[in-house]
Number of protein chains: 2
Amino acid sequence: MSESAPRQTLQQRVSAAILEGAAQLFAVEGEQASMNDVAEAAGVARATVYRYFPSREALLGELARAAVDEVDTRLASARIDEVAPEEGIARAVRALVDVGDSFVLLARQRRRSDPDRFESRLTQPLRSLFERGQAGGDIREDITSARLTESLIGLIVGVLTSTPALGKEDMTATITGLFLDGARARGPRRR
Amino acid sequence: MSESAPRQTLQQRVSAAILEGAAQLFAVEGEQASMNDVAEAAGVARATVYRYFPSREALLGELARAAVDEVDTRLASARIDEVAPEEGIARAVRALVDVGDSFVLLARQRRRSDPDRFESRLTQPLRSLFERGQAGGDIREDITSARLTESLIGLIVGVLTSTPALGKEDMTATITGLFLDGARARGPRRR
DNA sequence: CCTTGACGAGATGTTGATGTCTCATTTAGA
DNA sequence: TCTAAATGAGACATCAACATCTCGTCAAGG
């Protein structure tokens, strides 16, 4: 009972390395990457991966769980339900972009591995935000809040995966600007 | 030399059945569906699939080629480069939504299997459309045409995959409205 | 009617990934 | 420094999917 305190740091460090490497690898290469690739990306031996996660499925599940937790934490600390809807959307986008690869992986395999958690921790808050905006006249009402939510998630995933070498600031600005104001120019037409 | 005419129809019929079944299966189940599933979805024996496509990779490649061809055809007949930019975007969205499952599959595995064709047949026309709109003052210039293109593709894929049971009319209207005008309400605020 | 070719079904070889195990080496921590 | 635990490297069995092949059946067209 006295052997638990000192090792925590080491195990946590290795575990985090595996999780991080796997998240990035799965987001970039797709979900068909092998456990060999996971080990290589994490900089550990393949056997070590199995010492921390008994199976591939367990690793994927833990990855999803951690991603949901991170999304939940960032969304909660962003206080998106306490500011104006547009500001809330901007903060939510920023939070989800910050999660990055893990969020992409989570959104892609959300139907497997606990869709209810995904629903309650991510979809629900965003939908509430849109509904509040619609009730206040800040958000258009001809598109359902559910569709707005799905569209925003799709847009974020699309931008994150298509231009991976982009700065998070730029990504956030692009997504927020596009989603809120659209692609049409607001000023008077030239020519 | 006299044995080609009567059988063409049969082989074409079987080939089309395999292609269609595989496209839908891969779009729904993901790209990890087995050749057994493909054969079952097409209603033929597994050996028959290999009589038409020598390998799994060949089938995927042919699937991608057919999808690019369909995208190319629909985009060309939409004449997106001959109408106003906003109208061109609406038509392009309509065309890509019509392609449906095949487009999702194509967009997801576009880095494998001939990315150049994807680039020249899909990305390039869309980017030209955006650039024309930007030059004329109809499309905002603070977001690169390349990013606008990627964002639109991501948005379409996201909506197509997240709400598959939605009518294509609704999908097109949602995507077009969102992408052009954004989520913000245009009228005066209430309350 | 009958011949020819395609299909269905299944056995079989091959490949690659998963998961388990051992053992030498190393490293963290007392 | 010294001990115990963790890691790395790799062998090994298992398994699922890929791909090939054969043979019996069936249907179409002459």
**Q.** Flag if over 12 foreign heavy atoms under 6.0 Å of CD, B:E131
**A.** yes
Q: For B:E57, look at atom CD and say whether over 12 heavy atoms of other residues, nucleotides or ligands are found less than 6.0 Å away.
A: no
Q) Salt-bridged, A:D69 to A:R117, with N to O below 4.0 Å? A) yes
Q. Which letters describe nucleotides 14-22 of chain D, given B = protein heavy atom under 4.0 Å from base, S = only from sugar-phosphate, - = neither?
A. ---SSBBB-
Q.
Does a side-chain N or O of A:T48 approach OP1 or OP2 of D:dT7 to a distance below 4.0 Å, or not?
A. no
**Q.** Nucleotide C:dG19, atom C1' - distance to CG of A:L60 in whole Å
**A.** 15 Å
Q) Could you give the CD-to-P distance, from A:Q12 to C:dA28, as a whole number of Å? A) 16 Å
Q) Taking the side chain from B:R74 and the backbone from B:A92, do they hold a donor-acceptor pair closer than 3.5 Å? A) no
(Q) Just N and O in the side chain of A:Y52: are any of them under 4.0 Å from OP1 or OP2 of D:dA6? (A) no
Q: Ignoring hydrogens and angles, tell me if any N or O in the side chain of B:T176 forms a donor-acceptor pair with the backbone of B:A173 under 3.5 Å.
A: no
(Q) Strictly below 4.0 Å, N to O, side chains only: are B:R184 and A:E86 in salt-bridge contact? (A) yes
